[in-house]
Number of protein chains: 2
Amino acid sequence: MKYSVVVVDDHMLLSQAIGGLVDAFDQFEVLYLCKNGQELIQQFKNNKNIPDVVLMDVNMPILNGIETTAHLKEHFPDVKVLALSIEEDEMTILKMLRAGAKGYLMKDVKKAELQEALLEVIENGYFHTNTIAKILVDSLRPKEGSVANLKEREIEFIQHACTEKTYREIADIMCLSPKTIEGYRDVLFDKLNLRNRTGLVIYAIKNKIFKP
Amino acid sequence: MKYSVVVVDDHMLLSQAIGGLVDAFDQFEVLYLCKNGQELIQQFKNNKNIPDVVLMDVNMPILNGIETTAHLKEHFPDVKVLALSIEEDEMTILKMLRAGAKGYLMKDVKKAELQEALLEVIENGYFHTNTIAKILVDSLRPKEGSVANLKEREIEFIQHACTEKTYREIADIMCLSPKTIEGYRDVLFDKLNLRNRTGLVIYAIKNKIFKP
DNA sequence: TAAATAAAGGGGGTAAACCCCTATTCCTCT
DNA sequence: AGAGGAATAGGGGTTTACCCCCTTTATTTA
């Protein structure tokens with residue numbers, strides 16, 4: 001009796017390569033491959049070919065891994081999602097786990113580790129490496145300079161600050177006074193130990209608050 | 001008679017997956033896998049196990065795909081490098097081809113296309129998709145706003161501008177007058193149709209002139 | 001209930017960035 | 001030989017960003 005798996009990755013070669021690898025595992029068979037989340041959800045619509053596990057990339061066009069995982073958790077809660085991505089930043093990992101992923105693997109794992117992860121997810125419902133566990137613990141008490149310390153409005157301001165807009169323009173958009181915007185800036189410079197707006201932009205991109 | 005291939009990629013799972021895929025092609029066999037350029041060059045040192053083709057990723061630690069390809073071209077010119085990467089920006093592709101790669105595939109190709117590319121590289125010495133050919137043609141006459149239009153000193157300035165340094169500090173480092181730095185800035189704003197320094201930073205990151 | 005914190009906003013001043021124009025020297029091209 | 005372009009640099013002015021301090025109102029916490 002083999003467990004069924006579906007691979008979702010926008011890079012066709014990676015889907016085919018990883019699919020071939022998993023299909024070679026004794027206890028697993030790959031049903032089909034998908035290029036993005038939308039394609040997967042389309043496959044699920046006829047309520048056929050629903051796998052036990054989905055190997056999910058994160059960065060995909062149309063419907064990304066986070067959105068897709070959240071959708072599956074709501075509509076197909078028995079399907080277990082195992083994230084498999086190159087992205088290693090905390091924010092992405094936490095978003096993926098919050099969306100409902102049962103585990104998160106980076107693509108630098110070995111073939112044997114992938115097999116173990118698949119089995120663990122089937123048998124115990126989840127698989128968390130040491131790395132992921134540490135990130136989870138850290139998210140309980142975010143350290144200084146962490147994105148987790150930022151308020152929603154601060155993040156909104158930062159996203160605007162990563163554009164060519166002046167503070168006056170940003171104030172208009174956020175329905176605040178320019179003086180309030182300056183206050184936001186000052187608080188952020190202090191929280192994140194930054195010197196100026198350029199530093200803020202670099203920080204935002206590094207931490208995926210803004211995507212150029 | 002099978003042609004020999006080596007896969008170089010820092011993501012172990014991808015190496016193993018793609019290696020398995022290629023090993024299944026009739027005319028090819030995978031000798032071994034490497035995690036980075038340094039490991040590959042180490043394998044070549046004893047002049048054994050030198051393959052016909054190397055499937056090379058670009059972003060790798062210690063010795064990246066560009067550096068490694070340039071090294072192979074000089075010391076092992078009979079070895080054909082076929083780039084295989086997620087990176088799709090022109091600058092990276094052109095750097096890889098200039099370093100001596102015989103072809104550049106994105107990871108969204110199909111398994112069959114990879115096989116065809118490998119065969120073409122063996123038989124004709126190179127394999128260039130339509131996409132790559134267009135990038136090469138465009139590099140002959142770079143369009144407005146293109147990175148190819150930038151002088152070496154301008155790029156150097158941009159890299160400094162992507163830090164928290166003031167123009168005075170950048171001037172000191174580049175041994176120029178602050179007024180000259182302002183001149184650089186003005187020319188760049190004009191060339192790239194930008195409004196301010198924040199715009200320049202975003203442009204630089206998008207075009208891989210600066211990596212956060 | 002009172003104190004502390006959060007959210008928003010103000011004053012005043014300095015530093016830096018931006019904008020537009022001009023100039024000199026050296027190198028390249030016709 | 002002379003014209004044109006590249007690289008570097010200056011003047012002067014305006015706009016924007018930064019810095020530090022203070023205030024009010026609403027919400028949260030002890």
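Throughout, a chain's letter reflects where its sequence line sits, starting with A, and its residues are numbered from 1.
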Novice: Counting heavy atoms not belonging to A:K165, are there more than 12 under 6.0 Å from its NZ?
Specialist: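 It does: A:K165 NZ has more than 12 such atoms within range.
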
Novice: Which heavy atom in A:I66 sits nearest to a heavy atom in A:K95, and how many Å separate them?
Specialist: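 What the structure gives for the nearest pair is CD1-CB, 3.8 Å.
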
Novice: Return the nearest nucleotide to the side chain of B:E182; candidates are D:dA9, C:dC19, D:dC19.
Specialist: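 The answer is C:dC19.
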
Novice: Can you find a side chain N or O atom of B:Y184 that sits less than 4.0 Å from OP1 or OP2 on D:dT8?
Specialist: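 B:Y184 to D:dT8 OP1/OP2: side-chain N or O found under 4.0 Å.
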
Novice: Could you give the angle between the helix axes at the two ends of the helix from C:dT1-D:dA30 to C:dT30-D:dA1, with five pairs per end, rounded to 10 degrees?
Specialist: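 Between the axes fitted at each end of the helix from C:dT1-D:dA30 to C:dT30-D:dA1 lies an angle of 40°.
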
Novice: Taking NZ, NE, NH1 and NH2 as the nitrogens, is one of them in B:R153 or B:E156 under 4.0 Å from a carboxylate oxygen of the other?
Specialist: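 Judged by the 4.0 Å cut-off on N to carboxylate O distance, B:R153 and B:E156 do form a salt bridge.
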
Novice: Can you tell if the side chain of B:M56 reaches within under 4.5 Å of the side chain of B:L82, non-hydrogen atoms only?
Specialist: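 SC-SC contact between B:M56 and B:L82 ruled out.
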
Novice: Toward the 5' end of DNA chain D, which comes first, B:I181 or A:R185, by nearest nucleotide?
Specialist: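 It is B:I181 whose nearest nucleotide is closer to the 5' end.
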
Novice: Hey, can you pull the residues of residues 149-156 of chain B with a non-hydrogen atom under 4.0 angstrom from DNA chain D?
Specialist: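 Within residues 149-156 of chain B, the residues near DNA chain D are B:K151, B:R153.
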
Novice: Quickly work out the A:F189 CZ to D:dC20 P distance and round it to whole Å.
Specialist: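 To the nearest whole Å, that distance equals 12 Å.
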
Novice: Rounded to the nearest Å, what distance is computed from the CG atom of residue A:D186 to the P atom of nucleotide C:dG12?
Specialist: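 Going from A:D186 (CG) to C:dG12 (P), I get 18 Å.
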
Novice: Rounding to an integer number of Å, can you tell me how far B:I170 CD1 sits from C:dA16 C1'?
Specialist: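 It works out to 12 Å between those atoms.
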
Novice: Just by distance, no angles: are the side chains of B:D9 and B:S15 close enough, under 3.5 Å, to form a donor-acceptor pair?
Specialist: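 Looking only at side-chain atoms, B:S15 and B:D9 do not form any donor-acceptor pair under 3.5 Å.
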
Novice: Find the distance A:L200:CG to D:dC18:C1' and express it as a whole number of Å.
Specialist: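 It is 13 Å, rounded to the nearest whole Å.
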
Novice: I want to check one thing: is the phosphate of C:dA8, taken as OP1 and OP2, less than 4.0 Å away from some side-chain N or O of A:T180?
Specialist: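 The answer is no; no side-chain N or O of A:T180 sits under 4.0 Å from OP1 or OP2.
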
Novice: Whole angstrom is fine here: how far is it from CG in B:L188 over to P in C:dC19?
Specialist: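 Distance, rounded to whole Å: 13 Å.
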
Novice: Using whole Å, report how far CD of B:E169 lies from P of C:dA17.
Specialist: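 So the two atoms are 9 Å apart, to the nearest Å.
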
Novice: OP1 or OP2 of C:dA15 less than 4.0 angstrom from a side-chain nitrogen or oxygen of B:T166, does that happen here?
Specialist: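 No.
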
Novice: Determine which pairs satisfy ring-ring contact (aromatic ring centres under 6.0 Å, His included) with at least one residue from residues 117-166 of chain B, sequence neighbours left out, and list them in order.
Specialist: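 Found B:Y126-B:H128.
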
Novice: Round to the nearest Å and state the distance from B:D190 atom CG to C:dC21 atom C1'.
Specialist: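 Rounding to the nearest Å, CG of B:D190 and C1' of C:dC21 are 15 Å apart.
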
Novice: Can a side chain N or O of B:Y167 be found less than 4.0 Å away from OP1 or OP2 on C:dA15?
Specialist: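 For C:dA15, neither OP1 nor OP2 has a side-chain N or O of B:Y167 closer than 4.0 Å.
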
Novice: When the nearest nucleotide of DNA chain D is assigned to A:L194 and to B:P178 on a heavy-atom basis, which residue is associated with the more 5' position?
Specialist: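 Comparing both residues, the 5'-ward one is B:P178.
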
Novice: Within the supplied structure, the quantity of interest is the number of heavy atoms (other residues, nucleotides, ligands) at a distance under 6.0 Å from A:N193 CG; does it exceed 12?
Specialist: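 Result for CG/A:N193: open.
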
Novice: Among side-chain atoms of B:S146 and B:N149, is any donor-acceptor pair under 3.5 angstrom?
Specialist: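 Absent: no donor and acceptor within the cut-off.
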
Novice: Which of parallel (below 30°), tilted (30 to 60°) and perpendicular (above 60°) describes B:F76 and B:H71?
Specialist: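 Tilted.
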
Novice: Going by heavy atoms in the side chains, are A:E87 and A:D89 under 4.5 Å from each other?
Specialist: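 A side-chain contact under 4.5 Å exists here.
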
Novice: Roughly, in whole Å, what's the span from CZ in B:F157 to P in D:dA7?
Specialist: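 So the CZ-P distance, B:F157 to D:dA7, works out to 15 Å.
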
